[in-house]
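Read through the structure below, which is laid out as structure tokens, and then see the notes.
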Amino acid sequence: MAERKEGNMEVRLAECAGFCFGVKRAVDTVYEQINTGKTIYTYGPIVHNEEVVRELEEKGVIVLESKEELLELECGGTSDVKGCTVIIRAHGVPREICDIIAQKGLECVDATCPFVKRIHRIVEKAGAEGKHVVIVGNPGHPEVEGIKGWCSGPVTILETVEEAEKMLFSEGEDICIVSQTTFNYNKFQDIVEIFQKKGYNDSVVNTICNATEERQQSAKALASEADVMIVIGGRHSSNTRKLYEICSRECANTYFIQTLDDLHLELPKAVRLVGITAGASTPNKLIEEVQNYVRINF
Ligand code: F3S
């Protein structure tokens, strides 16, 4: 590596990378709340990034891992819950969780991303109108569970073309199709097309977030030029995994790292361009660290 001549290689960051608007807003909210001196809980980790969560835990923020843990807060006695704030993360939560927080008289600070909140309102309205809600997304993802929790009528979650092909609705049933904010745009279109070919009376709302599309497109553009691509993000972050998938298709030498410690780069001399992108839960500090490391060491 030491043989590489200075200026030989370019390190370029994707045009859109890192914290999206909603995640930045949620993380900033937690820091603001820490300053109030109250006991701060987040319902689930505030972002899918272990580094960020660890830093917040060091500042006293407690992560509630489940509904049961939230319910137990009440059991702990009033002295434990006085002056407690529960922050809802950008992914949002089912309505039931908001109700529990309210019933307990805990302070609720809702940092649900406004784009996710919009989906909650769409499905709530669709449910009230008697429509069958179809959520296109990963059924195990908290955002999808949250969206489901705002549906009052029938709801189906699916994520593949095959599932859409098998899906049958009752005759005359109106359906309302929404998507997880981080869902792949083309895959969503394919699924919607299947329902439209079947002739269902559907209303489709593309609720894929621009931040996701922008990140995916700029990652793809950069990966198609790059000799090596580095994708930074949390192991459990679905949008980071999607970026990795997209980049891997364009660039065979794509690395998925969570922190700088995971990066074990061997760059042959022929490498001219190293591209870097990062999931929506990756803080700027970490992106800069990786960028500087590659610039200085190669
Ligand atoms: Fe919100 Fe889009 Fe981020 S929905 S949380 S701004 S990826």
Side-chain angles (χ1 to χ4, degrees), residues 13-33 42-53 56 63 87-95 97-98 108-124 133 135-151 157 159 177-188 204-220 231-247 277-287:
L13 182 65
E15 252 172 63
C16 301
F19 270 7
C20 62
F21 151 79
V23 168
K24 182 175 184 307
R25 184 174 168 270
V27 173
D28 289 349
T29 303
V30 180
Y31 279 99
E32 276 162 28
Q33 291 298 318
T42 60
Y43 190 79
I46 198 74
V47 285
H48 276 147
N49 188 293
E50 287 170 19
E51 296 300 303
V52 179
V53 173
L56 288 170
V63 179
I87 303 173
I88 293 172
R89 58 191 175 170
H91 290 321
V93 290
R95 183 210 292 263
I97 300 300
C98 299
C108 178
V109 173
D110 189 354
T112 305
C113 174
F115 301 136
V116 177
K117 206 68 223 158
R118 173 176 168 245
I119 311 178
H120 293 175
R121 284 195 295 265
I122 292 168
V123 298
E124 201 179 10
V133 172
I135 307 168
V136 180
N138 173 356
H141 193 281
E143 181 196 317
V144 173
E145 283 169 13
I147 297 168
K148 184 178 174 219
W150 289 85
C151 298
I157 303 169
E159 61 179 335
I177 309 173
V178 294
S179 60
Q180 183 179 349
T181 55
T182 50
F183 204 76
N184 179 283
Y185 180 77
N186 293 333
K187 243 170 150 183
F188 178 68
V204 180
V205 193
N206 173 3
T207 46
I208 296 172
C209 170
N210 274 346
T212 311
E213 266 178 65
E214 281 166 7
R215 264 159 194 71
Q216 290 178 354
Q217 276 167 15
S218 61
K220 188 177 177 196
V231 182
I232 318 166
R235 237 187 314 241
H236 306 295
S237 154
S238 69
N239 75 82
T240 311
R241 266 188 276 121
K242 268 170 205 158
L243 285 179
Y244 176 72
E245 251 175 61
I246 291 169
C247 291
T277 189
S281 338
T282 309
N284 267 341
K285 203 172 74 182
L286 183 54
I287 301 172

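In each ligand, atom 1 is the first atom listed, and ligand 1 is the first ligand listed. Sequential numbering from 1 along the given sequence is applied to the chain's residues.
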In this structure, are over 12 heavy atoms from other groups packed under 6.0 Å from K117 atom NZ?
yes
Any side-chain heavy-atom pair of H91 and E145 under 4.5 Å
no
Salt bridge present between R235 and E50 (N-O < 4.0 angstrom)
yes
Closest approach of V63 to P45 (non-hydrogen atoms, all atoms of both residues)
CG1-N, 3.5 Å
Between K187 and E159, does any NZ, NE, NH1 or NH2 come within less than 4.0 Å of an OD or OE carboxylate oxygen?
no
Is any protein N, O or S atom closer than 2.8 Å to atom 2 (Fe) of ligand 1, and if so, which?
C209 SG
With no hydrogens and no angle check, just 3.5 Å: does a side-chain donor-acceptor pair link T212 and T182?
no
